[in-house]
Amino acid sequence: MPELPEVERIRRGLMEHISGKTIAQVSLPFPGLVKNVDPAVFMEKIRGAKVRALQRRGKYILVYLDQYLLEIHLRMTGIFLFYPGPVEAGPHTRAVFTFLGTETLHFQDVRKFGTFRLWEAGEMEVSPAFCLGLDPLEDDFSFSRFEEKLLVKPHTRLKSFLLDQRYIAGLGNIYVDEALHRARIHPARLLKTLSDSEKRALHASIVALLRESIQWGGTSFSDYRGLQGQRGVFQEHLKVYQKAQEPCFHCGHPLARIVHSGRGTYLCLRCQEPPLLSPGSIQS
DNA sequence: CTCCGTGCCTGTGAGC
DNA sequence: TGCTCACAGGCACGGA
């Protein structure tokens, strides 16, 4: 599942391969991919546009075309694959961009959760990608700005907060569990109960974790790949995600899996001390 | 306000 | 061997 490090690596791959290039044609084997305009209109408008810039905001990829903004969310299984020449669309190919010359870019998405939205210059501000919280890789992700966000919702539980893209943008289930374990804080803690040192540990953990993951090429459990189909290897460096029963990296105690915010949550119940009130149902 | 369940999807793997 | 079915989860949305 692409989260910030994976999306960032894909953005860098797109920078390398399609920046400055002109889109000769787009086809949409799965037209439902485009959410906010008619697919035929989408194809028509994109044709002939040049890729001016590529940005990432949280888990969104923003492709700046001449007078349009293409906003892409990969959701669970979306990936881009770049080819030097024409390649036949596979069973999960949802969009094919053909550039002037022979190069092609396939958008592949097994589960069809991914979304494309096309915005005109001027209406971009209404797009979801412009309603996000702090990006942990940006310079402005300082401890004080992070703490400001924590203070806004004192009665929210920590994991719910970290997953909410309106406060911090880019974290998903894997990196939230990893960051909380690294900082040794239980996911069900209320924000208002966090000590100053815990907040600082969490802030530092998030930044360090995401940077490390990018250096390792991201986490490839199943679908995520780079533009050339490369796997990331950060899954080999994860300490808790999908490791129930395995010994905790810090203390050796067997890791647990609970359900929190409706999601599978991995943690060490010894290092990450539960709050006094019900922490959630323990499944083992 | 916060929390929880549901729908969107389909491949995977456990269990029978 | 082949089938069924729960599970995975980001996000939007509706209801408690």
Side-chain angles (χ1 to χ4, degrees), chain A residues 1-8 10 28-36 56-62 71-79 89-95 107-117 126-133 135-136 149-180 186-194 210 218-225 231 235 238 240-245 257-267 275 277-281 283-284:
Chain A
M1 312 121 240
E3 300 179 29
L4 189 151
E6 293 77 33
V7 178
E8 175 61 18
I10 289 169
L28 294 171
F30 172 58
L33 169 65
V34 181
K35 299 299 180 188
N36 70 333
R56 181 189 56 74
R57 293 177 78 95
K59 299 176 204 171
Y60 289 89
I61 294 170
L62 304 178
E71 172 207 288
I72 297 164
H73 199 301
L74 306 169
R75 296 291 182 106
M76 314 297 302
T77 56
I79 59 169
H92 302 129
T93 304
R94 310 304 182 191
F107 177 69
Q108 205 175 85
D109 183 16
V110 170
R111 293 167 68 178
K112 297 181 175 176
F113 280 11
T115 57
F116 281 17
R117 286 190 174 84
V126 307
S127 90
F130 282 80
C131 306
L132 298 172
D135 188 304
K149 297 285 182 187
L150 288 170
L151 294 172
V152 174
K153 301 276 168 186
H155 297 287
T156 300
R157 295 188 189 275
L158 188 48
K159 179 160 180 172
S160 311
F161 169 81
L162 293 172
L163 287 172
D164 193 327
Q165 306 297 300
R166 293 171 299 178
Y167 304 117
I168 312 293
L171 298 176
N173 206 36
I174 297 175
Y175 293 110
V176 166
D177 283 3
E178 292 293 326
L180 288 170
H186 194 283
R189 290 276 299 280
L190 295 179
L191 299 191
K192 64 173 184 177
T193 69
L194 296 174
L210 296 177
T219 301
S220 288
F221 266 108
S222 52
D223 301 278
Y224 163 69
R225 296 290 185 276
R231 296 178 67 91
Q235 63 276 13
L238 298 177
V240 288
Y241 185 74
Q242 289 197 351
K243 293 189 183 295
Q245 308 304 338
R257 179 188 188 274
I258 66 173
V259 174
H260 180 86
S261 309
R263 295 177 174 89
T265 297
Y266 299 87
L267 77 171
L277 298 174
S278 65
S281 59
Q283 289 196 342
S284 81

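All chains are named by letter (A, B, ...) in the order of the sequence lines, taking the proteins before the strands, and each is independently numbered beginning at 1. Basis for what follows: all heavy atoms, side chains included, without hydrogens, waters or symmetry-related copies.
Contact annotation for A/T115: no contact, since no heavy-atom pair falls under 4.0 Å across all strands. Within the 4.0 angstrom heavy-atom criterion, no nucleotide atom of any strand lies near A/F161.
Annotation: of the two residues near DNA chain C, A/R117 and A/F113, the 5′-most nearest-nucleotide partner is A/F113. Place A/G262 and A/P128 on DNA chain C by their nearest nucleotides, and A/G262 ends up nearer the 5' end.
Considering only the side chain of A/R263, C/dC11 comes nearest among B/dC3, B/dT10, C/dC11. Nearest nucleotide to the side chain of A/R257, out of C/dA8, B/dT10, C/dG10: C/dA8. Distances from the side chain of A/Y241 to the nucleotides B/dT10, C/dA8, C/dG10 place C/dA8 closest.
In this structure, the side chain of A/E178 engages the main chain of A/V240 through a donor-acceptor pair within 3.5 Å. With hydrogens and angles disregarded, no donor-acceptor distance shorter than 3.5 Å links the side chain of A/S220 to the backbone of A/G218.
For the residue pair A/I79 and A/Y224, the shortest heavy atom distance occurs at CG2-CA, 3.9 Å.
For the pair A/I72 CD1 and C/dC11 P, the computed distance is 15 Å after rounding to whole Å. Residue A/K243 contributes atom NZ, which lies 17 Å from atom C1' of C/dA8 at whole-angstrom precision. One can place CG of A/D164 at 14 Å from P of C/dC13, the figure rounded to the nearest angstrom. For A/L74 and B/dC9, the CG to P distance is 17 Å, given to the nearest whole Å. In this structure, NZ of A/K159 is placed 12 Å from P of B/dC4, rounded to the nearest angstrom. Rounded to whole angstrom, the span from the NE2 atom of A/H155 across to the P atom of B/dT2 amounts to 8 Å. Summarising the geometry, the separation between OH on A/Y266 and P on C/dC7 is reported as 12 Å, rounded to the nearest angstrom. The distance from atom CD of A/Q165 to atom P of C/dA12 is 9 Å, rounded to the nearest whole Å.
Distances shorter than 4.0 Å separate some side-chain N or O of A/R157 from OP1 or OP2 on B/dC3. Residue A/H92 places no side-chain N or O under 4.0 Å from the OP1 or OP2 atom of B/dT10. Put simply, A/K112 has a side-chain N or O that comes within less than 4.0 Å of OP1 or OP2 on B/dT10. Taking only side-chain nitrogens and oxygens, A/K59 comes nearer than 4.0 Å to OP1 or OP2 of C/dC11. Remark: A/R75 is not in phosphate contact with B/dC8, judged by side-chain N or O atoms under 4.0 Å from OP1 or OP2.
For the atom pair CG of A/L4 and CZ of A/R57, the computed distance is 12.5 Å after rounding to the nearest 0.5 Å. Residue A/K112 holds its NZ atom at 5.0 Å from CZ of A/R94, rounded to the nearest 0.5 Å.
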